[in-house]
Amino acid sequence: MKNEDILKILKTDLEISGGSRDEMLGNMIEVAKAAIQREGIKLNDSVDDGMLVESYAAFLYRKRREDALAMPRSLRYLLNNRLLSEKGKSE
C-alpha cells in the first residue's frame, strides 16, 4: 500500500477533510513505519501492512494531543502477532 493510500485512510480515521495537515500526517506515516521496523517487523506493500502503519500513525497523532495516552491494546496485539508470525516463518 502506497503512502498516498495510507494518508487517505489516516485522514478518514482522524476525521480530517482538508489538506493543511497532509505534510505532517505524511511525516507521521514515515515515523510509524520506522517505529514498526525498529520492532523487527519487515514491512511490504500489502494492505495488511498499510493498515498496520495507518493504525500506528493514528496513535502517534492522537498521542500528540494526549500525552498520557497509552498504545491501544489492539495495536500492540497486531504488532506482536505480526512479529511472531514473521519469526515463525523464518525458522
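Hydrogens, waters and symmetry mates play no part in the numbers below; they use all other heavy atoms, side chains included. Remember, predicted model here, so these are calculated numbers, not experimental data.
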Once rounded to the nearest 0.5 Å, what's the spacing between atom [atom1] of [X] and atom [atom2] of [Y]?
X     : Y     : atom1 : atom2 : answer
Asn80 : Arg73 : CG    : CZ    : 12.0 Å
Leu43 : Asp48 : CG    : CG    : 11.5 Å
Ile36 : Leu52 : CD1   : CG    : 4.0 Å
Ile29 : Glu4  : CD1   : CD    : 9.0 Å
Glu54 : Ile6  : CD    : CD1   : 8.5 Å

Below 4.0 angstrom, N of the basic side chain to O of the carboxylate: do [X] and [Y] qualify?
X     : Y     : answer
Glu86 : Arg82 : yes
Asp22 : Lys11 : yes
Glu39 : Arg76 : yes

Kindly give the heavy-atom pair with the smallest separation between [X] and [Y], and that separation in Å.
X     : Y     : answer
Ile41 : Leu79 : CD1-O, 3.6 Å
Phe59 : Leu75 : CB-CD2, 3.9 Å
Leu7  : Gly26 : CD1-N, 4.4 Å
Gly40 : Leu83 : O-CD1, 3.6 Å
Asp49 : Lys42 : OD2-O, 4.0 Å
Met1  : Met51 : SD-N, 4.4 Å

> With distance as the sole criterion, is a donor-acceptor pair present between the side chains of Ser46 and Asn44 under 3.5 Å?
Replying inline: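 Yes - a donor-acceptor pair under 3.5 Å links their side chains.
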
> For Gln37, what residues pass the side-chain hydrogen bond (donor to acceptor under 3.5 Å, both in side chains) criterion, not counting sequence neighbours?
Replying inline: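 side-chain hydrogen bond (donor to acceptor under 3.5 Å, both in side chains) check on Gln37 returns nothing, list empty.
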
With side chains defined as the heavy atoms from C-beta onward, is the minimum distance between [X] and [Y] less than 4.5 Å?
X     : Y     : answer
Asn3  : Glu30 : yes
Met28 : Tyr56 : no
Leu60 : Arg64 : no
Asp5  : Lys2  : yes

> Are Ile9 and Val47 connected in a single hydrophobic cluster, I mean Ile/Leu/Val/Met/Phe/Trp/Tyr linked by side-chain heavy atoms less than 4.5 Å apart?
Replying inline: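 Per the 4.5 Å side-chain linkage, Val47 and Ile9 are co-clustered.
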
> Does the pair Thr12 and Lys8 meet the rule for a side chain to side chain contact (heavy atoms under 4.5 Å, CB included), with working shown?
Replying inline: CA-CA 6 Å; Thr12 300; Lys8 288 177 191 174; 5.6 Å; no

> Which is it for Arg62 and Leu14 under the side chain to side chain contact (heavy atoms under 4.5 Å, CB included) test, yes or no, and what are the steps along the way?
Replying inline: CA-CA 9 Å; Arg62 291 180 178 114; Leu14 299 173; 3.7 Å; yes

